[in-house]
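Comments concern the structure below.
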Amino acid sequence: MKHLLSTRDLDRETAVGILDIAEDMALTADREVRKLPTLRGRTVVNLFFEDSTRTRLSFESAAKRLSADVITFSAKGSSVSKGESLKDTAQTLQAMGADAIVVRHHGSGAAHQLAHAGWIDAHVLNAGDGTHEHPTQALLDAFTMRQRRYGADSRGRDLSGMRVVIVGDIVHSRVARSNVWLLTTLGAEVHLVAPRTLLPAGVETWPVTVHEHLEPALALRPDVVMMLRIQQERMHAAFFPSGREYAREWGLTAERFAALGPDTMVMHPGPMNRGLEISSAAADSSASTVLAQVTNGVFIRMAVLYLLVAGSQEASA
Amino acid sequence: MTGTLIRGASLLGETREDIRIRGGRIAATGRLTPELDERVIDADGLLALPGLVDLHTHLREPGGEASETVLTGTRAAAAGGYTAVFAMANTSPVADTAGVVEQVHALGAQHGYATVRPIGAVTVGLEGERLSEIGAMARSRAQVRVFSDDGKCVHDALLMRRALEYVATFDGVIAQHAQEPRLTEGAQMNEGALSGELGLAGWPAVAEESIVARDVLLAQHTGARLHVCHVSTAGSVDVIRWAKARGIAVTAEVTPHHLLLTEELARGYDARFKVNPPLRRDDDVRALREALADGTIDIVATDHAPHPAEAKECTWAEAAFGMVGLESALPVLQTTMIETGMLGWADLARVMSSAPAEIGRLDGYGDPLTEGAPAHVTLVDPAARRTWSTGDLRGRSRNTPYTGVELAGAIVATVHGGVATVLDGTLVDAEEVARRG
Amino acid sequence: MSARTVLHDADIARALRRIAHEILESRRGDGRLVLLGIPTRGTVLAERIQAVIDDIEPGVSSAGSLDITLYRDDLARTPTRAPQPTRIPAGGIDDAIVVLVDDVLYSGRTVRAALDALADHGRPRAVRLAVLVDRGHRELPIRADFVGKNLPSATSERVSVRLADVDGVEEVTIEP
Ligand SMILES: [Zn+2]
């Protein structure tokens, strides 16, 4: 694998392979020494044009556990708005000897451009581009689902037979896009729930079932309910009238949570807006995988960094 | 050499004739014998068209000289077979006063590659709030007849009504960039399944069509002339067809790129394909071709929009809208309309020369190549084919969408007011053009 | 020239039995024996040897596997490969006598990587090395404690170990 830009590019075998390697990485967490020498002498650059402390820390931690040298470049703010900065910055990092660039950018397609514009030849790992994709988030979500479902017997398995309901701001969510492609590739049945204002154009062409109301989707007794973060500013742009109305119609309230099956997982990519898209009753319950998602994020990112960076350039190019 | 003799050109692809040019006019046509003081252009196998006229060019001067100047832009125009261009008003300062339009007009005359007719801004600073001094621009030496806030839409209905009425006083026309601003806030590409997948904010067709519909009704109400810039959707075509059937004084243009390219090109996030209005669906391309063939759309205009490399070598959302198009316009039209049998060469001369001259009230352009007419001539080799590259561009910027695309036809020679600006497919030296012009 | 079989199935079984005995003999005191095979074939061999030991002296030994993919020093020169599972038997390796088991000992680099991997899992009392075939050509100061067969070979020759559990046949061959 040369780059990881989108889960749309992953076939089932590759996706299961990444999850399996993440299992190996997870095993190292219980050892006396957690660090692996795998990427010794390699340089991983975290290029963050957008603030995201938790994602940045997860990637840093993953790269360090693999013994890579880690450079973090936070380029948020005014310097980004200049036209040439992405190209310039990327070429500067390449000149510093970056083997891989982990990029988070507010512009959809930024990772794709870094990988394919011919500016650099480092490996590119998309850590979230605009409202396009966030592939490692979807991979860690899939890993978490598989772990909860199959435990120690997870290896080699996909998510066939699992029913996943994703609720909220689909149109602006890179997490939702990456999850839709990945989970369906892994055999899961995916349902989206949102008011029409928060559904993307062309959603009817996606391999999912769309619901405008939450109750009918929850009545399907899903294995997973994934609540997306609602940005407060959306209500000012007339996507919905108020936080109160949103919570009432599409929030995972305590009542809705109580009616879920005993094994239903409640997921959230974080950070949560308690009382808006998710109630504390749901967020703090044993059904919630929020903290497991954080832990698993490191293993998934180790697995992906290993796959991208460890092999020879010629073999993976 | 005091004259030029074009030998054996096929006029509009029909009769083969020789054309004698003297003193800026066509002195004779027919079977002619070369005279001693004549430069002879062998036009065997070539087509002669009236010099092309572009109603929608961004020359960027003043203010945007890093992208284009009047000189570089008119050189690109000549290379594309154009002998007149209408220069859009969104310069810095904006062309909203007699002073700016006269300056742009004079630069064109000084360089001589093509006649430059400035377009005046409808509103002061393109701000959409107060009418600019339309009368002063109309009466200036630049003789402005086309007014546009292009790049921005005159979205205030009352202001649009007043502009239509006021401009009519000077036999002018409002060229509207039809884009409802609230429906296109942050818009990046055509709204549809692809924008949803790519995570780019959509530019819905209705944002164009709702303004076109409102404007044709305002044109009907006021009795004034309306010109719709760069029509890009099948729905806009329907509205314009309806308006024309009702006798409303509306004309419309389509760009070469909207006749050939679709939104699929956005898939790789290459900002060369980012343009306003955005590239649309296959169905829209088909509707636009049919509309141009049946006359619903009157003309082809390039919307030549040069940008420096750094405005395109960034993320899609940060990149500038626009693509260059003067050099490639005729090859794209030959490829999309002539070779598909949808237009003949006489139609092409209409949509790329006489009709735009008529809409822009530009006298002496687009006339048939007959004795006594001004000598604006474009010679085309219809048998040529080439894979397009940035090496085929003659302006200052490189943002063509056609790199690697095979296009039919080539401009072999361009004559502007009797002065050759292109010979053997090569631009004539700037000093020579300026001296002879 | 075609491959020449140097060990048949009976030879392999005999060699593994002998190694099992030697391992037991070398165990001083009450040391716990942990046999860790290096995937893929080393894991199979470790399990077989451990089964023999368990027959002779039940309860003193256990078997597992130790993947070394993430510790290899040639990662950057080869295509990326998927790691194999590591299974450390219950009780871990601290204070145990660990016997690393592999099919062929050649340059010694695999064993070096295994020693690195082992150090990240804990601190054994001692580490030994058992191999079915030692074909020479060491590039590191490493030697095996228990060897099924010494097989001097040219570097151009190819030594292949095939085991019924993995390959369907049971043999060791050498081919030019
Ligand atoms: Zn425009």
Side-chain angles (χ1 to χ4, degrees), chain A residues 5-8 49-50 79-91 103 105-119 126 128-134 169-178 180-181 192 198-208 210 237-238, chain B residues 64 66-67 181-207 233 263-274 278 280-281 283 306-322 390 397-399 403-404:
Chain A
L5 306 176
S6 147
T7 56
R8 227 172 187 238
F49 288 88
E50 200 180 68
S79 63
V80 192
S81 49
K82 294 198 194 98
E84 234 183 87
S85 61
L86 181 60
K87 181 184 179 185
D88 285 347
T89 310
Q91 290 183 334
V103 61
H105 200 285
H106 46 80
S108 297
H112 189 281
Q113 271 179 308
L114 274 188
H116 295 298
W119 301 334
N126 184 3
D129 62 324
T131 54
H132 178 224
E133 288 226 29
H134 191 0
D169 186 359
I170 311 288
V171 66
H172 299 103
S173 176
R174 50 194 173 207
V175 174
R177 278 177 186 71
S178 286
V180 165
W181 313 131
L192 302 181
L198 294 177
L199 286 169
V203 72
E204 67 281 358
T205 65
W206 292 14
V208 298
V210 177
Chain B
S67 315
R182 289 279 284 156
L183 284 176
T184 52
E185 271 174 20
Q188 298 295 326
M189 67 171 291
N190 182 46
E191 178 174 305
L194 187 60
S195 69
E197 180 196 325
L198 296 179
L200 292 171
W203 204 122
V206 67
T233 76
E263 62 172 359
E264 271 301 309
L265 291 163
R267 201 174 268 290
Y269 295 99
D270 183 339
R272 281 183 306 135
F273 302 111
K274 180 176 175 179
R280 305 282 190 183
R281 304 160 307 153
D283 287 351
H307 288 290
E310 61 270 23
K312 289 290 189 180
E313 286 183 338
C314 46
T315 59
W316 183 281
E318 290 162 345
F321 288 99
T390 53
S397 295
R398 292 287 163 273
N399 52 311
T403 308

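Residue numbers start from 1 in every chain, and the chains themselves are labelled A, B, ... in the order their sequence lines are given, proteins ahead of strands. These numbers come from the heavy atoms of this one structure, side chains and all, not from hydrogens, waters or symmetry mates.
- To the nearest 0.5 Å, the span separating CD on B:Glu318 from CD on B:Glu310 amounts to 13.0 Å.
- Here A:Thr131 is the residue among A:Thr205, A:Thr131, A:Leu114, A:Ile170 with the most heavy-atom pairs under 4.5 Å with chain B.
- Side-chain atoms of A:Arg177 and A:Trp206, non-hydrogen and from C-beta on, do get closer than 4.5 Å to each other.
- Chosen from B:Ala266, B:Gly268, B:Ser195, the residue pairing most often with chain A at heavy-atom distances under 4.5 Å is B:Gly268.
- Under the 30°/60° scheme for interplanar angles, the aromatic rings of A:His112 and B:Tyr269 are found to be tilted.
- The candidate with the highest count of non-hydrogen atom pairs below 4.5 Å against chain A, out of B:Leu198, B:Asp270, B:Leu200, is B:Leu198.
- Neither the backbone nor the side chain of A:His116 comes within contact range of chain B, judged by heavy atoms closer than 4.5 Å.
- Looking at A:Arg8, only its side chain comes within 4.5 Å of chain B, counting heavy atoms on both sides.
- Within the 4.5 Å cutoff, side-chain heavy atoms of A:Gln113 are placed close to those of B:Thr315.
- Counting heavy-atom pairs closer than 4.5 Å to chain B, the top residue among A:Ser6, A:Gly202, A:Ser108 is A:Ser108.
- In terms of heavy-atom proximity, B:Ser67 sits nearest to B:Pro308 at OG-CD, 3.2 Å.
- Contact annotation for B:Glu197: both backbone and side-chain heavy atoms come within less than 4.5 Å of a heavy atom of chain A.
- The side-chain heavy atoms of A:Pro207 and A:Trp181, taken from C-beta on, include a pair separated by under 4.5 Å.
- Both the backbone and the side chain of A:Ala110 come within contact range of chain B, each with at least one heavy atom under 4.5 Å from a heavy atom of that chain.
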